[in-house]
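Quick note: numbers below take in every heavy atom, side chains included, and nothing from hydrogens, waters or symmetry partners. Note that the structure is a prediction, hence the values are computed from the model and not measured. Along the sequence shown, residues carry numbers from 1.
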Amino acid sequence: MRLTGNPTPSTAALDYDSTLIGALELSSKKWVFAVQLPGVKKHSRHVVEPNGPALELIERLKSRSAGAGRPITRVIITHEAGRDGFWLARFLERRGVEVHVMQSSSLPVDRRARRAKNDVIDVEMLLRTLMAWLRGEPRVCSMAPVPSEADEEARRRHREREDLIGARRSLLNKIDGILTTLGIEGYRALTR
């Protein structure tokens, strides 16, 4: 299995004066992009359309930073592994962006109380976690290796089969329940 991406921090020294560090919170309605630009103390947040001009925004931020006398030589982006698969990571990597995909289950969560949850809070947490991971803090999160398109497609068939078997089981249980309420016992739909 060929994996791209790097699940361990890069050995290249992180130069904060020439690196754009960003995090994407993906949803079906909008993407929230949090960015740490060189020479700027505060993170900026941007909302872009799904599957939309995220690369155009990165290029605009790079040119704005270059205009301020801080040219960007390295772009590092993260997002959570999720239902969207790894297409975005492969897409960005092909365009020269260093992408790290975080395992959702490894992200730090305050378990003492209920926590507020929205895209802005999530993307800020992703950005802070990525920056800690890049500094080399141990066990701050886990990164998922990015599989090739062929490997991801092979896993998709297996997952689709499992989903179909689960749907069949659910339908058979409903049929058995209805037949039982009508007084019909012992009917097995899958036996001929």
Side-chain angles (χ1 to χ4, degrees), residues 3-110 115-146:
L3 300 175
T4 62
N6 189 359
T8 59
S10 174
T11 56
L14 186 60
D15 180 13
Y16 288 100
D17 291 331
S18 64
T19 304
L20 182 148
I21 302 172
L24 273 168
E25 176 64 30
L26 310 173
S27 69
S28 60
K29 294 187 170 119
K30 64 181 178 179
W31 290 358
V32 181
F33 187 45
V35 182
Q36 177 66 54
L37 290 170
V40 179
K41 298 272 187 211
K42 194 173 178 190
H43 308 305
S44 62
R45 286 187 305 275
H46 309 271
V47 177
V48 295
E49 294 295 317
N51 307 329
L55 267 182
E56 293 172 16
L57 176 62
I58 291 171
E59 292 304 318
R60 278 198 320 265
L61 292 170
K62 284 172 70 173
S63 64
R64 185 170 65 170
S65 186
R70 296 187 184 268
I72 302 291
T73 59
R74 186 176 176 194
V75 178
I76 304 171
I77 303 292
T78 191
H79 65 85
E80 285 182 81
R83 68 173 179 81
D84 293 315
F86 294 96
W87 72 267
L88 180 60
R90 287 189 296 269
F91 175 80
L92 291 171
E93 284 176 345
R94 283 192 297 267
R95 283 146 184 88
V97 176
E98 184 179 326
V99 181
H100 301 285
V101 180
M102 287 188 192
Q103 294 276 2
S104 303
S105 60
S106 73
L107 293 171
V109 176
D110 183 12
R115 67 182 183 106
K117 181 162 176 33
N118 62 40
D119 288 345
V120 172
I121 292 171
D122 288 349
V123 77
E124 288 286 334
M125 186 262 313
L126 282 173
L127 185 59
R128 284 191 312 271
T129 304
L130 174 64
M131 292 175 76
W133 185 78
L134 289 170
R135 284 191 305 268
E137 291 185 21
R139 298 179 302 278
V140 71
C141 70
S142 297
M143 296 292 179
V146 178

Seminar exercise, completed: To the nearest 0.5 Å, atom NE2 of H100 lies from atom CG of L126 at 13.5 Å
Exercise. Where is the tightest heavy-atom contact between S65 and R70, given as atom of each residue plus distance?
Worked result: OG-O, 2.6 Å
Problem set entry | Evaluation steps, side chain to side chain contact (heavy atoms under 4.5 Å, CB included), between T78 and T129 | CA-CA 10 Å; T78 191; T129 304; over 6 Å; no
Exercise. Taking C-beta and beyond as the side chain, do M143 and L130 meet within less than 4.5 Å on heavy atoms?
Worked result: yes
For this session: Using a 4.5 Å cut-off on heavy atoms from C-beta on, say whether the side chain of E80 contacts that of E25.
Result: yes
For this session: Provide the closest heavy-atom pair for K29 versus E49 in the form atom of the first, atom of the second, distance.
Result: O-OE1, 4.4 Å
Exercise. Which value, rounded to the nearest 0.5 Å, describes the distance between H43 atom NE2 and Q36 atom CD?
Worked result: 5.5 Å
Problem set entry | Pairwise distance CG(L92) to CZ(F86) - rounded to 0.5 angstrom | 13.5 Å
For this session: With L20 as reference, evaluate I77, I76, T73 under the side-chain contact (heavy atoms from CB on, under 4.5 Å) test and give the passing residue.
Result: I77
Exercise. Is the CZ atom of R139 crowded by more than 12 outside heavy atoms at less than 6.0 Å?
Worked result: no
Exercise. Are any of the side-chain heavy atoms of R60 and R64 separated by less than 4.5 Å?
Worked result: no
For this session: Can you measure from CG (L24) to CG (L127) and round to the nearest 0.5 angstrom?
Result: 10.5 Å
Exercise. Do W31 and L57 come close enough that some side-chain heavy atom pair is under 4.5 Å?
Worked result: no
Problem set entry | Nearest heavy atoms of A144 and Q103, plus distance in Å | CB-NE2, 3.5 Å
Exercise. Quick one: does NZ or CZ of R94 land under 6.0 Å from the six-membered ring centre of F91, within 45 degrees of the ring axis?
Worked result: no
For this session: Work out which heavy atom in T19 is nearest to a heavy atom in L14; give both atom names and the distance.
Result: CG2-CD1, 3.9 Å
Exercise. Is a side-chain donor or acceptor of S18 paired with a backbone partner of P71 at a separation under 3.5 angstrom?
Worked result: no
Problem set entry | Pairwise side-chain contact, V75 with L61, heavy-atom cut-off 4.5 Å (strictly under) | no
For this session: Looking only at non-hydrogen atoms, find the nearest pair between Y16 and P38 and report the distance.
Result: O-CB, 3.4 Å
Seminar exercise, completed: Closest non-hydrogen atoms of V32 and V123, given as atom of the first, atom of the second and distance, are O-CG2, 3.4 Å
